[in-house]
Amino acid sequence: MMGNFYFDNSATSYPKPPEVAEYINEYLKGGGTYGRSAYDRVVAVSRVVENTRLLLANLIGTKHSDHIFFTSNSTHALNLAIKGLSYPKKRILISPLEHNAVTRPVLYLQQSFGVEYDILPHQSDGFIDLDATGKLDLKLYDLCIVNHVSNVNGVIQPLAELKALLRSVPLLVDASQSAGYIPIEADSWNIDMLALTGHKGLMGPTGTGCLFARNPELISPLIHGGTGSRSDSFLMPDFSPDRFEAGTPNVLGIYGLFGALSAKVLPHFDTHTFKDLLEQIEQLKSFKLKRSASFNRQAFLFSVISDNYTPSELSNQLFKRFGIETRSGLHCAPLAHKSLGTFPKGTVRISLSKYHNPNDLNYLYTALKELDYERK
Amino acid sequence: MSESSDKCLLLFQSIHKVMQAERIIVSLGIVYQIVPVPKEFSSECGMCIEIDCSDIEVIVPEFQFNNIFYNKVKVDV
């Protein structure tokens with residue numbers, strides 16, 4: 001049987017659980033929209049949409065499912081939060097490993113409204129230095145934004161500990177790479193806002209995502225329009241989730257996401273196998289790993305750089321000769337690559353799926369080993 | 001007509017709350033149906049829940065516990 005050589009799951013997951021296609025097909029056959037009427041077809045769709053919202057709330061560890069707003073992806077969710085808040089102190093803290101989904105809206109705030117940003121103190125792998133952060137004058141900041149798991153080296157950031165330091169400074173978490181892979185406890189960690197996408201670790205379809213906001217009254221809507229509620233008013237409703245969900249939602253995608261969340265896929269490899277893979281690659285002389293300094297805070301993605309190949313050459317060699325699919329370059333995260341010393345060439349990123357088995361990981365290692373033998 | 005067969009409509013501010021309420025009503029084993037919101041009560045084109053009025057007292061504590069706010073309207077037959 002052919003192995004699974006797709007190692008670009010941080011871009012988008014593949015394969016999807018069969019339930020994704022099954023639910024999408026169910027919707028295509030059954031049709032209907034969300035709310036706005038009360039015939040059976042609409043009630044059935046509304047149930048699935050709201051059950052999906054509930055599953056997302058459970059996934060991120062919050063009781064407040066009405067504080068979860070569907071978006072088209074993490075970027076949309078992050079824009080909603082970042083552009084919807086107010087910044088009386090005109091200062092934001094961000095982590096050193098942010099994706100452009102955060103840095104570009106933050107730069108937009110800087111250019112448009114003079115909101116400045118500072119980068120959190122960190123170690124060489126981008127892990128936030130909590131001791132140094134605790135010495136900052138955090139009262140100066142309106143917001144702190146942290147990428148829970150780096151999409152470049154897979155570092156897992158210490159959200160609960162960071163929020164304990166931030167106290168009243170709101171914490172916005174980009175959970176694009178963590179949701180579906182590692183536990184999230186939004187309520188017990190006291191996370192203020194969290195953005196996620198449906199098509200990566202959750203293994204749902206593209207075009208799905210959400211924003212969680214503990215205090216939605218602090219956020220202005222990004223999009224205004226019909227919600228099927230308070231239709232006598234020219235203003236957006238003041239209650240959630242309607243306030244943030246103008247327009248017909250992506251029902252087709254939400255059905256697929258419901259299928260993905262219902263599938264409850266468990267990893268086909270264990271952490272020991274993954275750790276062995278990292279340690280084996282580290283023995284290859286022509287490769288350098290870009291990963292967390294501690295395996296305890298390492299998610300299932302990492303980067304490699306080669307002495308012999310540029311990232312694009314290495315990615316091409318892996319695909320042409322071994323059928324292994326990876327992503328090379330800057331991964332839309334120039335700030336992260338600058339923080340890690342891999343800017344501007346970038347790296348080759350290897351990102352795993354729960355569907356990979358130990359044989360797939362061994363195949364990846366064997367391919368890298370062969371390329372290592374051929375070093376110049 | 002007896003009091004127990006009187007019908008009441010439960011109106012909510014959003015579809016999210018309608019569905020949350022439906023899950024609770026189902027868990028309590030109460031007979032219900034989802035119906036359009038009558039236009040005399042709202043400009044909405046959305047849905048509300050119809051139950052026997054006698055079931056209200058069973059539902060109220062659960063709704064309160066789950067922060068579900070609603071308006072109750074007795075249906076004229």
Side-chain angles (χ1 to χ4, degrees), chain A residues 32-58 62-70 187 210 212-214 216 221 226-249 251 254 258, chain B residues 6-53 55-56 58-77:
Chain A
T33 189
Y34 169 73
R36 289 137 168 101
S37 297
Y39 47 88
D40 290 352
R41 206 185 300 275
V42 162
V43 173
V45 167
S46 301
R47 282 192 189 112
V48 172
V49 171
E50 289 306 325
N51 284 335
T52 308
R53 198 189 307 274
L54 197 58
L55 288 173
L56 287 169
N58 292 338
T62 181
K63 294 180 294 185
H64 307 288
S65 62
D66 54 337
H67 291 196
I68 286 182
F69 325 128
F70 286 109
D187 284 355
C210 74
F212 161 74
R214 186 167 305 286
T227 58
S229 52
R230 297 279 164 84
S231 298
D232 55 331
S233 173
F234 290 103
L235 299 174
M236 290 295 286
D238 59 0
F239 50 84
S240 297
D242 298 35
R243 182 167 174 75
F244 303 98
E245 293 187 349
T248 304
V251 176
I254 291 171
F258 181 79
Chain B
D6 286 344
K7 295 293 182 186
C8 282
L9 294 179
L10 305 178
L11 284 67
F12 305 89
Q13 68 178 9
S14 67
I15 298 301
H16 173 76
K17 290 298 179 191
V18 174
M19 294 298 143
Q20 196 178 2
E22 185 193 31
R23 285 195 292 271
I24 289 169
I25 290 169
V26 168
S27 72
L28 293 171
I30 291 169
V31 176
Y32 74 101
Q33 63 173 339
I34 292 179
V35 298
V37 179
K39 65 181 179 184
E40 60 266 35
F41 300 127
S42 166
S43 62
E44 291 313 309
C45 45
M47 56 186 82
C48 60
I49 297 178
E50 183 184 88
I51 59 170
D52 284 346
C53 296
D55 287 328
I56 290 282
V58 181
I59 291 171
V60 166
E62 292 296 321
F63 279 10
Q64 286 176 337
F65 181 75
N66 289 282
N67 291 319
I68 298 176
F69 303 103
Y70 64 97
N71 288 317
K72 183 187 74 176
V73 179
K74 196 169 173 182
V75 179
D76 291 328
V77 180

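On a predicted model such as this, the values are computed, not experimentally measured, just so you know. All heavy atoms count here, side chains included; hydrogens, waters and symmetry mates do not. Quick note on labels: first sequence line is chain A, next is B, and so on, each numbered from 1.
In plain terms, the two heavy atoms of B:Ile51 and B:Ile56 that are nearest each other are CD1-CD1, 3.7 Å.
Contacts of A:Asp242 with chain B are made by side-chain atoms alone, with heavy-atom separations under 4.5 Å and no backbone atom involved. If you measure heavy-atom distances from A:Tyr34 to chain B, the contacts under 4.5 Å come from the side chain alone.
For A:Asn58, the CG atom sits in a packed shell: over 12 heavy atoms of surrounding residues, nucleotides or ligands are nearer than 6.0 Å.
Counting only distance, with no hydrogens or angles, the side chain of A:Arg243 and the backbone of A:Asp238 share no donor-acceptor pair below 3.5 Å. Judged by distance alone, the side chain of A:Ser65 and the main-chain N or O of A:Arg53 form no donor-acceptor pair under 3.5 Å.
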CA sep, side-chain torsions, deciding dist, call: B:Lys7, B:Asp52, side-chain contact (heavy atoms from CB on, under 4.5 Å):
CA-CA 5 Å; B:Lys7 295 293 182 186; B:Asp52 284 346; 2.6 Å; yes

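At a heavy-atom separation below 4.5 angstrom, chain A is approached by B:His16, B:Lys17, B:Met19, B:Glu22, B:Arg23 within residues 16-24 of chain B.
For the atom pair B:Met47 CE and B:Gln33 CD, the distance stands at 13.0 Å (nearest 0.5 Å).
Looking only at heavy-atom pairs under 4.5 Å with chain B, the residue among A:Val42, A:Thr227, A:Val49, A:Asn51 that has the most is A:Asn51. Of all the listed residues (B:Ile15, B:Ile34, B:Val35), the one sharing the greatest number of non-hydrogen pairs under 4.5 Å with chain A is B:Ile15.
Aromatic ring pairs are classed by plane angle as parallel below 30°, tilted from 30° to 60° and perpendicular above 60°; the pair B:Tyr70 and B:Phe12 is tilted.
Legend: residues meeting side chain to side chain donor-acceptor pair (under 3.5 Å) with A:Asp187, ordered by chain and number and at least two apart, are A:Thr62, A:Arg214.
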